[in-house]
Amino acid sequence: MATAIDNGMALWMWPLTMAKLSSDWMETMTSAAHVVDTRMPMIAAAWLSPLTANHTELSRMVSEKTDAFGRSGRSITTAQGSIRRASEANARALGKLSGGQFLGFSEWTGIFERNLEIAATLLAMPTNALAPVHGRATANSRRLGRS
């Protein structure tokens, strides 16, 4: 779990995080286009001659994609869980306040830190979700002959 300082720094660095996300997104799209362009003739060749097809590459098309998107989905699920837990803790603390109880300094600090955690998690979620897909697409593009 990240500290309040880590979360604050993540928010402070949001312009760089968004620039990296934009760069990774463009690199993913161009790499994916190269991979599709390279693999389409392999698919056509497999239709014409199944016995001489590149079965290793053909099987990778499915297994790598499902693995990358599965890891991407799990990163989103993890972020959602973190946000839900922090929101529920904030709701409990603010429920005390609405019930007429006094919140001490540590409770207000906890609310503040959880809000920082929520914001930092939301900021990191797109980059974390794209990372497995980006990694696989760029690795395939390099492996299939693009520098």
Side-chain angles (χ1 to χ4, degrees), residues 1-44 46 53-147:
M1 183 175 174
T3 65
I5 292 173
D6 294 334
N7 289 331
M9 287 303 295
L11 293 176
W12 180 261
M13 301 298 289
W14 76 265
L16 295 177
T17 302
M18 291 299 105
K20 179 173 178 12
L21 176 62
S22 298
S23 172
D24 287 354
W25 182 253
M26 284 304 296
E27 190 177 27
T28 300
M29 293 298 102
T30 57
S31 295
H34 175 256
V35 170
V36 169
D37 288 346
T38 305
R39 284 180 169 169
M40 289 306 285
M42 290 180 201
I43 295 170
N54 184 346
H55 294 286
T56 303
E57 191 64 34
L58 291 170
S59 66
R60 282 183 137 166
M61 290 180 204
V62 176
S63 62
E64 289 177 345
K65 208 173 274 94
T66 56
D67 176 60
F69 281 101
R71 288 188 301 136
S72 177
R74 285 189 294 279
S75 78
I76 293 170
T77 301
T78 301
Q80 288 173 331
S82 174
I83 291 167
R84 181 184 42 78
R85 285 186 299 278
S87 298
E88 288 170 351
N90 280 351
R92 283 190 300 276
L94 293 173
K96 288 182 190 178
L97 187 65
S98 67
Q101 294 181 359
F102 177 76
L103 294 182
F105 179 76
S106 64
E107 291 169 310
W108 283 111
T109 303
I111 291 170
F112 175 76
E113 287 178 354
R114 286 188 295 271
N115 285 340
L116 271 177
E117 178 187 357
I118 290 168
T121 301
L122 286 171
L123 177 68
M125 191 176 357
T127 305
N128 293 342
L130 181 62
V133 177
H134 172 261
R136 183 52 54 202
T138 55
N140 280 341
S141 184
R142 281 190 303 275
R143 186 175 49 75
L144 292 171
R146 185 175 189 192
S147 59

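- Residues Leu122 and Met125 are in side-chain contact: their nearest non-hydrogen atoms beyond the backbone lie under 4.5 Å apart.
- There is a side-chain donor-acceptor pair under 3.5 Å between Asp6 and Thr3.
- Nearest heavy-atom pair across Leu11 and Ala120 is CD2-N, 3.9 Å.
- Under the side chain to side chain donor-acceptor pair (under 3.5 Å) criterion, the residue pairs touching residues 72-83 are Ser82-Glu117, with sequence neighbours excluded.
- Atom CD of Glu27 and atom OG of Ser22 lie 12.5 Å apart (nearest 0.5 Å).
- Here Lys96 pairs with Glu107 under the salt bridge (charged side-chain N to carboxylate O under 4.0 Å, His left out) rule; sequence neighbours left out.
- Judged purely by atom type and a 3.5 angstrom limit, Arg85 uses its side chain to pair as donor or acceptor with the backbone of Gly81.
- In this structure, CZ on Phe112 lies 10.0 Å from CG on Asn7, to the nearest 0.5 angstrom.
- The heavy-atom pair separating Arg114 from Ala86 by the smallest distance is CD-O, 3.7 Å.
- Between atom CG of residue Asp24 and atom NZ of residue Lys20 there is a gap of 3.5 Å, rounded to the nearest 0.5 Å.
- In this structure, the side chains of Asn140 and His34 stay at 4.5 Å or more apart for every pair of heavy atoms.
- Residues Thr38 and Pro41 approach most closely at O-CD, 3.3 Å, considering heavy atoms.
- If you take OG on Ser31 and CE on Met26, they are separated by 10.5 Å, rounding to the nearest 0.5 Å.
- Although no hydrogens or angles enter the test, the distance criterion places no donor-acceptor pair under 3.5 Å between the side chain of Ser141 and the main chain of Ala137.
- With His134 as the fixed residue, the side-chain contact (heavy atoms from CB on, under 4.5 Å) test singles out one of Thr28, Thr127, Leu21: Thr28.
- For the pair Thr121 and Ala79, the tightest heavy-atom approach, listed with the atom from each and the gap, is CG2-CB, 3.6 Å.
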Practice task
Kindly indicate, with the supporting measurements, whether the criterion side chain to side chain contact (heavy atoms under 4.5 Å, CB included) is fulfilled by Met18 and Leu123.
Solution key: CA-CA 9 Å; Met18 291 299 105; Leu123 177 68; 3.6 Å; yes
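- Arg143 is listed as a side-chain neighbour of Glu57, based on a closest heavy-atom distance under 4.5 Å.
- The local environment of CG in Leu16 is crowded, with over 12 non-hydrogen atoms from other residues, nucleotides or ligands closer than 6.0 Å.
- For Ala53 against Leu58, the heavy-atom pair with the smallest separation is CB-CD1, 3.9 Å.
- Taking the side chain as every heavy atom from C-beta outward, Leu144 and Met42 approach each other to under 4.5 Å.
- Nearest heavy atom pair, residue Ala4 against residue Leu116, reads O-CD1, 3.8 Å.
- One finds the CD atom of Glu113 at 11.0 Å from the CG atom of Asn90 (value rounded to the nearest 0.5 Å).
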